Visitor: 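So that we are looking at the same thing, I have put the structure below in structure tokens.
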Amino acid sequence: MNILPELKSRFRVVLSELVDDPTELLGMIRPAQDAKFGDYQANVAMPLGKTLGKPPREIATEIVSKLDVSDICEPPEIAGPGFINLRLKDDWLVFRLNHAVGDQRLGVAADNEPRTYVLDYSSPNVAKPMHVGHIRSTVIGDSLSRTLRFLGHQVISDNHLGDWGTQFGMIIYGFKHFVDRNAYETAPVPELSRLYKLVNQLVEYHNAKAKLPTLESELAARTEAVATQRSQPATGDKAADKKAKKELGKLEAKVTEAAETLAATRAKLAAVEKDSKLSELADQHPNIASDVLEETAKLHRGDEENRRLWDEFLPKCREEIQKLYDRIDVKFDFEYGESFYHDRLAGVVEEFEKHGLARESEGAICVFMDGFDAPMIIRKKDGAFLYATTDLATIQFRIQQWKPDAILYVVDHRQGEHFEKFFAAAKLCGYPDVELCHVSFGTVLGDDGKPFKTRSGDTVGLEALLDEAVQRAYSVVSQNDDTKPNGPELGEAERRRVADAVGLGAIKYADLSHNRTSDYVFSYDKMLALTGNTATYLQYSYARVNGIFSKGSIDIAKLRADGTSIQIVEPAERALALELLRFSDALADVVEDYRPNQLTNYLFQLTKVFFSFYEQCPVLKAEADQTRNSRLLLCDLTARTIRQGLNLLGINVIDRM
RNA sequence: GCGCCUGUAGCUCAGGGGAUAGAGCAACGGUUUCCUAAACCGUAGGUCGGAGGUUCGAAUCCUCUCAGGCGCACCA
């Protein structure tokens, strides 16, 4: 039994007599904003004032008189304009807590209307090393997957790997021209990775070279536009002058932008040109960009050699990626990559054409839809398919295969428009009522407020990112251990283990604790801080609670089974009890908008309430045995809730640190 | 030019129709013969970018506006 749903169902009975559909009103029952108003509050009377034509307080009185919550709550109070304030009975809190003590699920009921979810997250290109941009999708998706499962839903996690695109054309091209056989025999993946980078660099070199004149003339044109704008005499009209000034500012910004693009392009060229070997290679492969596309096209056409190479490379690449997933403990039920859909793409396009949903325009097959300026192109004029085509084939397969109630795409916000179009197109196909949701998220920024990059401007490899976090965690852990009042207690091996959990936890938690829609600033120092809303703090709190048990030589499993009852006497005990029982509310909030930060906020709040309790209520030193045991069980529930909560975030706990 | 997102304390961020807008960090003050002081308690800090509007009630919804970010047919 979960508190909020229970209260809502009680209110539903009463409200159904007043309105046709009370669903919306039930959303106005929520945790009290301030503890002095009680534990929960119902704000339903005010909006009903107008509908029913009666003073809200009168309505509130009527609702309260009919409301049957006497087993759960103290008599409800009406306050202000018509707030109904609810305070849970201590007896009931105790009853619920005692149930939670003996329950694997900590008293959290499974959803009584389980749904089937397909979750699409992570989805890296297997040929490229993963970088910081992939972590957010992976971590958010994994957490949602875990949370939905815990709540009793059926979840199918499907990693839509990029295993069929241009990157493989690059590797194939690189393999054919630049492979170091020895290196490949001894360590294939690093060699393939090197080839990818090399080919990519050469392609970009030639692209940059081709673009250079355009960029230069663009800069010149923009600079001139600024000069022209500057030379405009003031008109004397304030509004017009202001507008002109604004226009000038915009033009100047464009000059800066053009100059930056040009500088970056030149830097790219210089990097190749100053390296005589690279430079030579670049000269020897002037058509590398189109040749790479041709290798890709050949693969897609079924060219025997390229297909053989792809078959050879793919398992190696996947193995490499799997290592990373193992390290961060992320699993998928399926990994149907893009290649899986390859032979369905033509059919998708045909179907769209057959039903008159798509037509040819400028040589491409396009889906035109109301509300969009540009069509969704599903086949290029050269006959090749696009990721929009793959997405359509994929959704068709998923719906047929798994008959989901919802499909969630955990993908960064820049693809918002693509998903709008894609969802609209999927609707045209007449798919049944499937909830399609782009679970979008913002960019990870560096200290400078720009997308997180290394000093030299490269994207940060995920592996290196994790290594650094773990290494920094190690020094945090060691420093903490060294300064313990009774001397260090962790051996080297245990420090390493703890550092691993702390470092990886810090990275994940940083991603999950921010509202996913906003960008956030990446900072090792902040995410590894021992205070504040961090995984480290929660892990430490967990270890502290554990410390109580070991210090007191408590067999907590035995105590749980003893049938000892929790008792609520002190306000701090009550506050902790209530917070513990709100776990299910927090999980419901996560699922509501697919926002894991609802859970991190809850866990942080719980931990603060716990420490407040811990400060005020001696546990091991409690006078009466009954008090001591009751408090031990409160500690135990706190620890278990933190552990379970962190687990749903994909983060491990440590017994001591 | 069009579209989407963001703007909340010095900093990093919660809160997304309800009562006096919150947390962490930083600052300042207090608490330790006492279960890890990595804690706890307190003080200070805000025209919620700005202006209108809707509402009994707006940081939250709508319109306009300013600032920043990101996208805008044949890359994914």
Side-chain angles (χ1 to χ4, degrees), chain A residues 27-28 30 32-34 36-37 41 43 46-47 49-50 55-56 79-83 85 123 125 162 165-167 246 293 338 361-366 368 371-388 390-391 411-418 420-421 440 442-443 445 449-451 476 479-481 483-486 489 510 513-515 517-521 523 525-527 529-534 536-537 540-541 543-545 547-552 593 597-598 600-601 604-605 608 611-622 631 635 656-657:
Chain A
M28 296 171 189
R30 52 181 56 204
Q33 185 175 304
D34 192 317
K36 76 181 177 208
F37 299 132
Q41 63 182 58
N43 306 332
M46 284 82 79
K50 192 156 240 181
F83 295 105
N85 290 332
S123 308
N125 281 320
T166 315
Q167 338 85 25
K246 198 176 139 186
L293 287 180
E338 290 172 339
S361 167
E362 294 176 35
I365 306 298
C366 301
F368 289 90
F372 297 99
D373 290 339
M376 184 167 83
I377 297 177
I378 55 177
R379 200 181 74 196
K380 300 200 286 182
K381 63 183 169 199
D382 67 4
F385 303 107
L386 297 104
Y387 78 132
T390 314
D391 277 345
V411 179
D412 84 88
H413 73 283
R414 285 174 301 187
Q415 296 195 40
E417 202 171 0
H418 162 69
E420 279 179 33
K421 273 186 197 169
S440 78
T443 312
L445 307 172
K450 293 187 174 149
V476 170
Q479 202 185 337
N480 177 50
D481 195 37
T483 55
K484 276 180 187 162
N486 301 322
E489 46 184 44
S513 60
H514 292 91
N515 184 324
T517 59
S518 45
D519 297 346
Y520 81 96
V521 176
S523 157
D525 288 336
K526 285 217 164 76
M527 67 176 67
L530 290 150
T531 55
N533 191 7
T534 64
T536 319
Y537 175 70
Y540 169 70
S541 307
R544 287 261 315 249
V545 183
I548 298 170
F549 302 146
S550 49
K551 179 130 191 167
D593 274 321
N597 71 313
Q598 296 287 359
T600 63
N601 289 350
F604 183 47
Q605 177 65 22
K608 282 193 291 183
F611 273 117
S612 183
F613 153 84
Y614 186 61
E615 194 70 19
Q616 292 167 46
C617 303
V619 178
L620 293 174
K621 294 178 179 167
R631 288 179 182 170
C635 289
R656 53 179 193 173
M657 64 186 276

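Keep in mind it's a predicted model, so treat the numbers as computed, not measured.
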Visitor: With rounding to whole Å, what would you report as the distance between B:A23 and B:C66 at their P atoms?
Guide: 35 Å
Visitor: With centres under 5.5 Å and planes under 30°, do A:Tyr614 and B:C35 count as stacked?
Guide: yes
Visitor: Rounded at 0.5 Å granularity, tell me how far CG in A:Leu386 sits from CE in A:Met376.
Guide: 9.5 Å
Visitor: Would you call A:His418 and A:Asp391 a side-chain contact if the rule is heavy atoms closer than 4.5 Å?
Guide: yes
Visitor: With the side chain counted from C-beta on, respond yes when A:Glu489 and A:Asp481 share a heavy-atom pair under 4.5 Å apart, and no when they do not.
Guide: yes
Visitor: C1' atom, B:C62 versus B:G17: distance in rounded Å?
Guide: 13 Å
Visitor: For B:C61, what is the paired nucleotide under Watson-Crick or G-U wobble rules, both distances under 3.5 Å?
Guide: B:G53
Visitor: When rounded to the nearest Å, what value does the distance between C1' atoms of B:A37 and B:C48 take?
Guide: 35 Å
Visitor: Which one, B:A14, B:C72, B:C56, comes nearest to the side chain of A:Asn601?
Guide: B:A14
Visitor: Which whole-number value in Å describes the distance from A:Asn125 CG to B:C75 C1'?
Guide: 11 Å
Visitor: Check this for me: does the side-chain of A:Ser361 come within 3.5 Å of the base of B:A73 through a donor and an acceptor?
Guide: yes
Visitor: Look at the side-chain N and O atoms of A:Arg30 and state whether any lies under 4.0 Å from the OP1 or OP2 oxygen of B:G18.
Guide: yes
Visitor: Without decimals, in angstroms, what is the distance between A:Gln598 CD and B:A23 P?
Guide: 18 Å
Visitor: Would you mind pulling out the nucleotide paired to B:A27, Watson-Crick or G-U wobble, both distances under 3.5 Å?
Guide: B:U43
Visitor: Would you kindly compare A:Arg414 and A:Asp519 by the position of their nearest RNA chain B nucleotide and give the one closer to the 5′ end?
Guide: A:Asp519
Visitor: Just to be sure I understand the rule, does A:Pro56 reach a base, reach only the sugar-phosphate, or reach nothing, if contact means heavy atoms closer than 4.0 Å?
Guide: nothing
Visitor: Just the rounded figure in Å: distance from P of B:C13 to CE of A:Met527.
Guide: 11 Å
Visitor: Under a 3.5 Å cut-off for both distances, is B:U6 Watson-Crick or wobble paired, and to whom?
Guide: B:A67
Visitor: Under 4.0 Å from OP1 or OP2 of B:U36: is there any side-chain N or O of A:Lys551 that close?
Guide: yes
Visitor: Rounded to the nearest angstrom, tell me the gap between atom CG in A:Asp412 and atom P in B:C75.
Guide: 19 Å
Visitor: Give the nucleotide from the list B:C40, B:G18, B:A73 with an atom nearest to the side chain of A:Phe368.
Guide: B:A73
Visitor: Can you tell me how far P of B:C70 sits from CG of A:Leu445, to the nearest Å?
Guide: 10 Å
Visitor: So do A:Ser440 and A:Gln415 actually touch side chain to side chain, heavy atoms under 4.5 Å?
Guide: no
Visitor: In the strands shown, is B:G17 matched to any nucleotide by a Watson-Crick or G-U wobble pair with both distances under 3.5 Å, and which?
Guide: none
Visitor: With rounding to the closest Å, how many angstrom separate the P atoms on B:U33 and B:A14?
Guide: 40 Å
Visitor: So which one's nearest nucleotide on RNA chain B is more toward 5', A:Ala384 or A:Glu615?
Guide: A:Glu615
Visitor: Are the side chains of A:Thr536 and A:Met657 in touch, meaning some heavy atoms are under 4.5 Å apart?
Guide: yes
Visitor: Does B:A26 fall in syn (glycosidic angle within 90° of 0) or anti?
Guide: anti
